[in-house]
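Structure first, then comments.
Just so we're clear, the structure is a prediction, and the values are computed from it rather than from any experiment. In what follows, chains carry the letters A, B, and so on, assigned in the order in which the sequence lines appear, proteins first and then strands, with residues in each chain numbered from 1.
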There are 2 protein chains.
Amino acid sequence: MASTLEEVARLAGVSRSTVSRVINNHPNVRPEVRKRVWEVIQRVGYQPHAAARSLVTNRTQVLGLVIPRGLVTLFSDPFFPILIRGVADVCTARRYHLMLSFFSDPLQQEELYRRALRSRLLDGVILSGAPLDDPLVPWLLQDNTPFVIAGRYPDERVTYVDVDNIGGARMAVEHLLRLGHRRIATITGPLTMMAGQDRLEGYRQALLSRGIPLNDALIVEGDFTEEGARVAMQRLLPQRPTAVFVASDTMAVGAMKAIREAGLHIPDDIAVVGFDDLPIASVVEPPLTTVRQPIERMGAMATEMLIGLVEGTITGPQHIILPTQLIVRASCGSL
Amino acid sequence: MASTLEEVARLAGVSRSTVSRVINNHPNVRPEVRKRVWEVIQRVGYQPHAAARSLVTNRTQVLGLVIPRGLVTLFSDPFFPILIRGVADVCTARRYHLMLSFFSDPLQQEELYRRALRSRLLDGVILSGAPLDDPLVPWLLQDNTPFVIAGRYPDERVTYVDVDNIGGARMAVEHLLRLGHRRIATITGPLTMMAGQDRLEGYRQALLSRGIPLNDALIVEGDFTEEGARVAMQRLLPQRPTAVFVASDTMAVGAMKAIREAGLHIPDDIAVVGFDDLPIASVVEPPLTTVRQPIERMGAMATEMLIGLVEGTITGPQHIILPTQLIVRASCGSL
DNA sequence: GAGCGGTTTGGGAGCGCTCCCAAATATTGT
DNA sequence: ACAATATTTGGGAGCGCTCCCAAACCGCTC
């Protein structure tokens with residue numbers, strides 16, 4: 001049967017305040033008293049009642065990770081498991097529980113918001129993968145709920161951690177330019193998302209810095225899925241690009257399929273560069289040149305920042321951009 | 001600013017008990033009072049404090065889904081997303097929050113157990129994918145924590161919902177027998193798991209019911225991964241089976257790879273039958289004959305049963321076995 | 001031994017809600 | 001109009017903990 005702090009106090013022959021001081025590592029308890037209390041705690045297997053603590057402290061030690069996607073999408077995009085691992089590891093290390101939420105239905109979203117956040121079930125929320133017009137951010141701002149976005153957000157009040165999408169995409173395209181390519185296409189991410197826009201911006205900057213004018217026929221929007229990119233690549237092939245920058249590895253795999261289905265060779269006929277450095281990048285044939293983004297570290301850092309906001313060690317909005325890195329493999333070819 | 005029940009009471013000109021009766025849909029409130037209270041609740045956006053309710057009711061409205069796997073395995077096996085969807089949908093419909101937990105490290109498991117369950121953070125737990133020697137079940141039994149296993153468990157005290165693995169496997173192998181096969185191999189699931197054992201038992205029953213003796217050289221244990229099954233199939237090929245029953249679709253994909261890599265044809269040289277009817281079954285070439293298990297429904301039913309235990313509408317252990325169904329596609333061939 | 005300062009300890013109060021039971025009010029029957 | 005019964009309402013108490021402040025204790029100095 002679950003025991004209470006009062007029972008531990010009785011068994012240890014001290015007051016409830018002393019037991020509370022012991023389990024919360026407060027000073028001002030004699031060592032032999034502290035030891036005696038711990039022994040009772042272990043003997044009866046006492047564990048503090050989460051709700052009772054939460055009622056007083058206004059903390060639950062539970063963080064939410066909200067990904068406004070349908071479940072199937074969540075599990076089929078390898079980006080999210082890696083992000084979630086970064087988040088989960090920090091939660092474990094910092095003794096927070098993680099509640100993972102996913103949905104694609106706006107009605108469901110409002111319901112979750114009201115119940116989970118307004119009932120003070122969560123100390124704070126990490127938001128990832130949301131389109132720019134998602135209503136959750138204005139709600140969170142209005143309610144003063146601690147939250148962090150894994151990804152950039154164009155509002156100074158928002159705390160976020162992102163990777164250098166613009167710089168990474170620029171690096172990738174500059175590499176293709178150094179290899180001599182001039183007719184470089186791109187399959188973008190969804191332009192409703194910051195990452196989609198940023199990676200397109202990097203592509204633009206690289207071309208314009210070499211005085212190469214943009215060609216709309218070489219730019220096709222993708223949806224971050226493999227199949228979507230296969231279709232997008234099919235639309236690019238008649239334009240005869242010699243290279244393509246694809247805004248995620250998952251989509252690059254789809255583009256590579258379309259290229260092969262057209263009887264063309266990678267990289268001899270079309271050089272391919274992706275973005276992410278997911279595990280699949282080194283498994284495909286030929287191995288994919290890509291921009292490495294530290295997904296797991298982004299998840300970990302978002303979590304640390306959120307805990308900082310929750311515990312008051314961080315005040316005011318923070319913006320962190322993590323560096324990206326070009327990983328050259330065989331898919332882009334060489335000089 | 002978050003409002004309290006007392007504030008709603010003051011604004012509505014009633015007592016706190018009346019407000020509590022209104023939000024909990026108790027009778028014995030005059031309709032015009034009930035209406036007035038609801039209007040105040042909406043105006044101030046009141047949401048009950050989860051911890052305060054929980055402290056009194058001993059309920060949190062939070063269920064745990066525990067899958068003792070590493071994160072990467074969890075996300076790469078298509079079984080779990082479908083199960084999770086079944087669980088999540090019922091949680092949403094029944095207004096429970098779902099906390100998803102995953103781990104592969106025993107130390108981490110004990111830590112989670114102690115903190116989440118013993119602190120009364122969760123109303124109950126659904127357990128899935130655990131090996132038979134996992135220590136979590138004895139802990140849960142000892143503590144009288146409500147829990148349900150998605151999968152069969154050999155202990156009468158345990159409430160579980162499973163699919164008819166024995167019957168399904170038997171169906172699959174009987175189908176191969178009807179097609180004239182006599183040299184039928186099998187790649188089992190892990191025999192540390194009930195599902196692994198049951199699907200092997202179904203294979204055995206089908207063969208023995210036709211007076212065909214078991215041949216150990218035609219039985220290889222797999223680990224429910226595609227790569228593991230590819231290696232297992234390589235070990236079976238020298239035995240020249242004319243057919244193979246593979247204990248999951250994911251493994252069947254691996255087996256098919258090994259068959260093709262050996263220059264053999266499916267189903268002409270070796271007929272293949274899987275188990276699951278995952279989405280991939282109808283996408284591979286040739287489309288996979290398989291046993292359909294209602295994964296999502298299993299998740300949904302496990303959740304309903306757990307809620308029944310939590311809310312007291314179910315007392316004592318329950319055991320439900322959901323029917324399986326043979327789905328004939330091209331991989332098994334025909335008469 | 002007395003006084004002072006620092007440390008340790010204990011018990012009341014309150015966090016926001018639900019439940020219980022007595023009081024107040026309304027309804028029905030004679 | 002009055003009595004009996006049913007319905008509605010309100011306020012105290014407690015769920016298990018943390019915090020606060022006063023009391024008790026200890027050690028040191030004169």
Original post:
Does a side-chain N or O from A/Thr4 land closer than 4.0 Å to OP1 or OP2 of D/dG16, or not?
Top reply: no
Original post:
Between B/Pro27 and A/Thr57, who's closer to the 5' end of DNA chain D by nearest nucleotide?
Top reply: B/Pro27
Original post:
Within the structure shown, what part of the strands sits under 4.0 Å from B/Asn58 by heavy-atom distance: base, sugar-phosphate, or nothing?
Top reply: nothing
Subject >> A/Glu6 CD to D/dT18 P, straight-line distance once rounded to whole Å >> reply: 11 Å
Original post:
Which nucleotide in the set C/dC17, D/dT18, C/dT9 lies at the smallest distance from any side-chain heavy atom of B/Val56?
Top reply: C/dC17
Original post:
Hey, is the side chain of A/Arg30 poking within less than 4.0 Å of OP1 or OP2 on C/dT8, counting only N and O atoms?
Top reply: no
**OP:** Would you kindly give the CD-to-C1' distance between B/Gln61 and C/dT18, to the nearest whole Å?
**Re:** 14 Å
Original post:
On a plain distance test, is the side chain of B/Arg16 in donor-acceptor contact with the base of D/dG12 below 3.5 Å?
Top reply: yes
Original post:
Hey, does the side chain of A/Asn28 come within less than 4.0 Å of C/dT9's phosphate (OP1/OP2), counting only N and O?
Top reply: no
Subject >> Euclidean distance, atom CG of residue B/Leu55 to atom P of C/dT18 [Å, nearest integer] >> reply: 11 Å
Original post:
Is the shortest heavy-atom distance from the side chain of B/His97 to the side chain of B/Leu63 under 4.5 Å?
Top reply: no
Original post:
Looking only at side chains, do B/Arg53 and B/Asn58 share a donor and an acceptor under 3.5 Å apart?
Top reply: no
Subject >> Euclidean distance, atom CZ of residue A/Arg59 to atom P of C/dC15 [Å, nearest integer] >> reply: 18 Å
Subject >> A/Arg10 CZ to C/dG11 C1', straight-line distance once rounded to whole Å >> reply: 17 Å
Original post:
Whole Å only: how far is the NE2 atom of B/His26 from the C1' atom of C/dC20?
Top reply: 12 Å
Original post:
Side chains of A/Ile126 and A/Phe147: closer than 4.5 Å at any heavy-atom pair?
Top reply: no
**OP:** Give the rounded distance in Å between these two atoms: NE2 of B/His49 and P of D/dG16.
**Re:** 17 Å
Subject >> Position toward the 5' end of DNA chain D (nearest nucleotide), B/Arg21 or A/Ser17 >> reply: B/Arg21
**OP:** Could you tell me whether B/Glu32 atom CD has more than 12 heavy atoms of other residues or ligands within 6.0 Å of it?
**Re:** yes
**OP:** Indicate yes or no: at least one non-hydrogen side-chain atom of A/Val33 is less than 4.5 angstrom from one of A/Val14.
**Re:** yes
Subject >> Separation of atom CZ in A/Arg34 from atom C1' in C/dT9, rounded to whole Å >> reply: 13 Å
